[in-house]
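Any value given below was found using the heavy atoms of this structure, including those in side chains, with hydrogens, waters and symmetry copies removed. To find a chain, count down the sequence lines: A is the first, B the second, and so on, and within it residues start at 1. Quantities reported herein were computed from a predicted structural model and do not represent experimental measurements.
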2 protein chains.
Amino acid sequence: MRGEALAEQAYVALRDAILGHELPPGTRLSVPDIAQRLGISRSPAREAIARIAYEGLAQVGPHRGAVVSDIRAEDLLEIYSLREVLEGLACRLASQRLEEPDVARLRSILDEHRHAVDTGDVARHYELDQAFHAAIRELTRNNRLIESLDRLQGQIRVAMYTTRRSPGGTPQALSEHWVIFEALTSADPDRAERAGRAHISRLLRDLEHSVHGVHGKEKPP
Amino acid sequence: MRGEALAEQAYVALRDAILGHELPPGTRLSVPDIAQRLGISRSPAREAIARIAYEGLAQVGPHRGAVVSDIRAEDLLEIYSLREVLEGLACRLASQRLEEPDVARLRSILDEHRHAVDTGDVARHYELDQAFHAAIRELTRNNRLIESLDRLQGQIRVAMYTTRRSPGGTPQALSEHWVIFEALTSADPDRAERAGRAHISRLLRDLEHSVHGVHGKEKPP
DNA sequence: CTCGTTGACTTTGTATACAACATGTAGCAC
DNA sequence: GTGCTACATGTTGTATACAAAGTCAACGAG
């Protein structure tokens, strides 16, 4: 009846729940609990949790179970350092494999993104920001690179629970995406890499400022 | 009696066997077989295989078990593209965190490496080549970067089974390591990154030549 | 002789049973 | 009242049982 394996379904359900902030960082992921909640046995539940942990979305200790990762500013520094060079490489490779339909697709994402920014639709804004980067990394055809960036993207999303503000959430991201788009279509891989890298580098610098600067900036009303 | 968890031991044993070329690419990793061979139950054996697969050292299909990955030249192109930027980042970060003991350690590795090259000890040569890169990436303190490079290193090692020649196996690697060492100690992160990146970039170009050039170069006597 | 089919065997995926370990609480000594 | 111990409970890690699916070989039809 069901399409795939039980463990796979459980993994997807868990992942969606964590990425959707239904399971906040620090939540215990106990095998019996997950199994009962999804109506499955412990074996696939255990396997799903293990996969979640491999992706960095949960942390496990011996005999102590798993908890949803609490990814803090310090980790984000790590993540964005990595992402800077990976995103640069992605743009370089994408620029070398870019076909006409790909250009059209990227342009349509950017147009929609523009619309979302103009109308103040922040959810769609965030979604299209990610879609732009996802489209670029798919173009690289480098599966290991794609997987690495996917993993980082997931961790960033989890981190957004604690650090409430999205790093790419400013309208500035859109204009930088246009710079990347121009670089990608310029048939200059070096320029493409620099553009992609600069984009993430700027986000990283913003992050460093907000970490080193006002430390406890969040102010309850 | 035993130190750690059974699944952990099984994972390490499997990993060592694959990396040591005792289990050549294409070998089927059946759960009952592994379990019996290691004298454990199927549960930890299954978990160990899953972890191996997650590291890219084996590939799994639904209901079809796992086989040791056959990593070919095509995959190595992917791997080295990634590694180029990651190794560059590692050198950049390492140069920013370099302390005096670290410098001494790197120098001692290079000295031993020189000795291995002079005496023609290829096994030790390869070992010290890896040790140099491992030392650098440990210096970064970026766990995600370290893990990524470790993973790639493992896959490269598996690939060496099919592509008999080691990409870093030339004495040229040693001289390039010295260039990296100089760059690391120059307190110039940009230069360090360029040096690390250039090193892998050269290996990647060699690979591309041997792939595009003489395609079936191996010649039986 | 070639190709398709059937059937037995093996393996995977899932469910469940059991021991070791961790955690938290109640009770007791001081 | 405070701190420690012992126990009770729940969870993890491991072992095993069972159904579904895949693989392979022998067999028979054409």
Side-chain angles (χ1 to χ4, degrees), chain A residues 1-18 22-71 147 158, chain B residues 1-18 22-71 147 158:
Chain A
M1 188 205 284
R2 269 72 76 83
E4 274 298 315
L6 236 45
E8 175 78 12
Q9 294 177 245
Y11 162 72
V12 172
L14 256 185
R15 182 172 214 265
D16 287 350
I18 293 173
E22 298 164 33
L23 298 177
T27 307
R28 274 186 64 85
L29 298 178
S30 97
V31 174
D33 182 35
I34 301 293
Q36 191 175 15
R37 193 179 302 247
L38 299 179
I40 61 179
S41 168
R42 293 206 200 87
S43 302
R46 180 178 169 84
E47 185 173 330
I49 291 175
R51 285 172 70 176
I52 291 292
Y54 289 148
E55 289 212 356
L57 301 182
Q59 286 171 335
V60 294
H63 282 284
R64 274 163 63 185
V67 295
V68 177
S69 295
D70 184 17
I71 295 179
E147 194 192 347
V158 170
Chain B
M1 185 201 285
R2 269 74 75 80
E4 273 297 313
L6 236 43
E8 176 78 13
Q9 293 178 246
Y11 162 72
V12 171
L14 256 185
R15 181 171 214 268
D16 287 350
I18 293 174
E22 298 164 35
L23 297 177
T27 307
R28 273 187 65 84
L29 299 177
S30 96
V31 173
D33 180 36
I34 301 293
Q36 190 175 13
R37 194 180 302 248
L38 299 179
I40 61 179
S41 168
R42 298 216 272 292
S43 302
R46 180 179 169 85
E47 185 172 331
I49 291 176
R51 284 171 71 176
I52 291 292
Y54 211 83
E55 289 210 355
L57 301 182
Q59 285 170 337
V60 294
H63 282 284
R64 276 162 62 183
V67 293
V68 178
S69 296
D70 183 18
I71 295 179
E147 193 192 349
V158 171

Using atom names, set out every protein N or O paired with an N or O of nucleotides 5-8 of chain C below 3.5 Å, distance rounded to 0.1 Å.
none

Under 3.5 Å between N/O atoms: give me all the protein pairs with nucleotides 19-25 of chain C, atom names plus distance.
none

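A distance of 12.5 Å separates CD1 in B:Ile49 from CG in B:Leu57, rounded to the nearest 0.5 Å. Atom-to-atom distance recorded for B:Gln36:CD and B:Ser30:OG is 9.5 Å, nearest 0.5 angstrom. Rounded to the nearest 0.5 Å, atoms CD1 (B:Ile52) and CD1 (B:Ile18) are 4.5 Å apart.
Closest of all the heavy-atom pairs between B:Ala45 and B:Ile40 is N-CD1, 4.0 Å. The minimum heavy-atom distance linking B:Arg64 with B:Arg28 is given by the pair O-NH1, 3.4 Å. Across every non-hydrogen atom of A:Gly56 and A:Ser69, the tightest pair is O-OG, 3.0 Å. Minimum interatomic distance between B:Val31 and B:Arg42 (heavy atoms only, all atoms of both residues): CG1-O, 3.7 Å.
The side chain of B:Leu6 lies closest to D:dT14, out of D:dT14, C:dT11, D:dT12.
In this structure, B:Leu23 and B:Leu14 have side chains that are in contact, with non-hydrogen atoms separated by less than 4.5 Å. Residues A:Val158 and A:Pro25 are in side-chain contact: their nearest non-hydrogen atoms beyond the backbone lie under 4.5 Å apart. Side chains of A:Pro24 and A:Val68 form no contact here, defined as non-hydrogen atoms less than 4.5 Å apart.
Comparing the end axes of the helix from C:dC1-D:dG30 to C:dC30-D:dG1, each fitted to five base pairs by superposing C1' atoms of four pairs onto the next four, gives an inter-axis angle of 0° (nearest 10 degrees).
Checked against salt bridge (Lys or Arg N to Asp or Glu O under 4.0 Å), B:Asp16 has no partners two or more places apart in sequence or in another chain.
Taking a 4.0 Å limit (strictly below) on heavy-atom distances, residues 32-52 of chain A reaches DNA chain D at A:Pro32, A:Arg46.
Sorted by first then second residue, the salt bridge (charged side-chain N to carboxylate O under 4.0 Å, His left out) pairs that include residues 50-63 of chain A, not counting sequence neighbours, are A:Glu8-A:Arg51, A:Arg15-A:Glu55.
Distance, A:Leu29 CG to D:dT11 P: 13 Å, rounded to whole Å.
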